[in-house]
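Naming convention: chains lettered A, B, ... in sequence-line order (proteins, then strands); numbering from 1 in each chain.
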Amino acid sequence: MVYFSNNNAYIEKDDFFSIDKTFDCGQCFRFERSGGIYNGIAFGKRLEILEEDDRIILKNVSEEEFNTLWKDYFDLDRDYKAINEIICRDKVASQAAEISKGIRILRQDKWEALCSFIISQNNNIPRIKKIINTLCENFGEKKGDFYAFPAAEVLAKAGVEKLSVLKCGYRAEYIYDAALKVSTGEIDLAGVSEMEYNDAKKYLMAIKGVGPKVADCALLFGFSFLSAFPKDVWIKRVIDKYYGKTFDESIFSPYGGIAQQYLFYYERYVRGKDKK
DNA sequence: TCCCAGGCTCTCT
DNA sequence: AGAGAGCATGGG
C-alpha cells in the first residue's frame, strides 16, 4: 500500500521490493547510493529514495508525481510473487529467485535504455556509469543541480567528433548512429512497443552497435518486453555452470527477462561471496 | 604485461 | 551459419 504525507510518498514494504537489489543489479546506471539513500535521475526528474524497516520512502514526491511517474518506473502494479512461482521451476532458478527477491525490472525511458546499453558493451559497470554521467553533463538539459539524459536530437546534432569527450572509444560512432536514426525517425522507438518481440529485436539491430544482447537489454529495461533474455558473459557463465547446452530460456516464459535478471544477480552475488 | 568488462562488426571459411 | 580477430578505454 502507498500513502502520502509530509510531501513524501511511502510504500509499505513487502518482500518484493528491495531498492538495494533493484539498483544493484546493473539495469540502470544513474542511481547512486550514499549513506543508505539512493539518489538518481529518471525521466528528467531527480529522486531520493530510501528504505526503512517497514517502508520505502520517496522523498519530495507528490501523489500526482508518484502516480504518473514512479509507480510505473518501479513496475509496482506487477505481481512479482506470482511471477516468481513461475520462475522457480528448478533448483538453480529457485535459489536465484530467493536471493534476488525484491528486484523489480525498472521501466526506463526507451531512448535512455537503448543508448545506455550501447555504451555497456564490452565494458564494466563503474565505467558505464562514468561515461553516461559525462554524456549527461555535456549534452543533457540542465535541471537545477542535475542534468537530464540528452535527447537523441541533441546527440545527432552534436556529431560524432564531440562525443569523444566521453572517452568511450569505438562506441561513440554507435551512439551517433543510434541518435541519428532515432532523431530522424528512421527508427521509431514509440512504435517498437507495438511490435512482436522478434520483430522489435531485429528492428533495433538495424542500428550500428546494437546486437542481440544490447537489443534484448533495451527491450527488457526500456520497452517492458519481459520475455527478452539478454545473454551476456555472466549469463553464459550461469548457463554453462548449471544448465548446459540444452538450456532454453523459454522454460521461464513469458518472464524470461525477469529470470535472467535473477540469474545475473545471483551469479554476481555468489561470486562476490566467493571472493571474500 | 596481460586479462577482463552486461559485445559488435567485419572478414574469412 | 559459424569462428575469430580487432576494437577504445580503464582497472586489477
Residue set satisfying side-chain hydrogen bond (donor to acceptor under 3.5 Å, both in side chains) with A/E267, at least two apart, ordered chain then number -> A/K241

By salt bridge (charged side-chain N to carboxylate O under 4.0 Å, His left out), which residues pair with A/R237, not counting sequence neighbours? none

What integer distance in Å separates A/I128:CD1 from B/dG7:P? 7 Å

I need the NZ-P distance between A/K231 and B/dA5, as an integer number of Å. 19 Å

Could you give the distance separating B/dT9 and C/dG10 at their C1' atoms, to the nearest angstrom? 22 Å

Atom-pair distance (CD1 on A/I119; C1' on B/dC8), nearest Å: 15 Å

Of residues 209-222 of chain A, the positions that come close to DNA chain B - non-hydrogen atoms, cut-off under 4.0 Å: A/G209, A/V210, A/G211, A/P212, A/K213, A/V214, A/F221

Between A/D75 and A/R104, what is the shortest heavy-atom contact and its length? O-NH2, 2.8 Å

Could you work out, with ring-ring contact (aromatic ring centres under 6.0 Å, His included) as the rule, every residue matching A/F252, not counting sequence neighbours? none

Salt bridge (charged side-chain N to carboxylate O under 4.0 Å, His left out) partners of A/E173, counting only residues at least two apart: A/K208

Is any side-chain nitrogen or oxygen of A/R237 closer than 4.0 Å to OP1 or OP2 of B/dA5? yes

Set of residues satisfying ring-ring contact (aromatic ring centres under 6.0 Å, His included) with respect to A/Y265, sequence neighbours excluded: none

Determine the interatomic distance between C1' on B/dC8 and the same-named atom on C/dG11; round to the nearest Å. 22 Å

Just wondering, more than 12 heavy atoms not from A/E64 lying within 6.0 Å of its CD? no

Identify whether any heavy atom of A/C25 sits under 4.0 Å from a base atom; if not, whether one sits that close to sugar-phosphate; answer base, sugar-phosphate or nothing. base

Can you find a side-chain donor-acceptor pair between A/Q95 and A/Y266 that sits under 3.5 Å? yes

Between residues 98-109 of chain A and DNA chain B, which residues have a heavy-atom gap below 4.0 Å? none

Taking side-chain hydrogen bond (donor to acceptor under 3.5 Å, both in side chains) as the test, write out the residues that go with A/N39, two or more places apart. A/R46

For residues 24-63 of chain A, which residue pairs pass the ring-ring contact (aromatic ring centres under 6.0 Å, His included) check, not counting sequence neighbours? A/F23-A/F31, A/F23-A/Y38, A/F29-A/F117

What range of DNA chain C does chain A touch, first nucleotide to last, counting atoms under 4.0 Å from its heavy atoms? C/dC7 to C/dG10

Using the P atoms only, state how far B/dC2 lies from C/dA5, rounded to an integer number of Å. 16 Å

The answer to which of A/K208 and A/I235 contacts DNA chain B further toward the 5' end, by nearest nucleotide, is A/I235

Steps toward side-chain contact (heavy atoms from CB on, under 4.5 Å) verdict (A/F221, A/L106): CA-CA 6 Å; A/F221 302 124; A/L106 299 172; over 6 Å; no

Closest-nucleotide 5' rank along DNA chain B - winner of A/I207 and A/P126: A/P126

Partners meeting side-chain contact (heavy atoms from CB on, under 4.5 Å) with A/A156 (sequence neighbours left out): A/A179, A/L180, A/S183

Minimal non-hydrogen separation, A/F16 against A/N84, with atom names: CE2-ND2, 3.5 Å

Should A/K71 and A/D77 count as an ion pair when the cut-off is N to O under 4.0 Å? yes

Nucleic acid contacts - residues 164-181 of chain A versus DNA chain B, non-hydrogen atoms under 4.0 Å: A/Y170, A/Y174

Rounded to whole Å, the CG-C1' distance (A/L204 to B/dC8) equals 15 Å

Classify A/Q261 by what it touches in the nucleic acid, base, sugar-phosphate, or nothing, heavy-atom distance under 4.0 Å. base

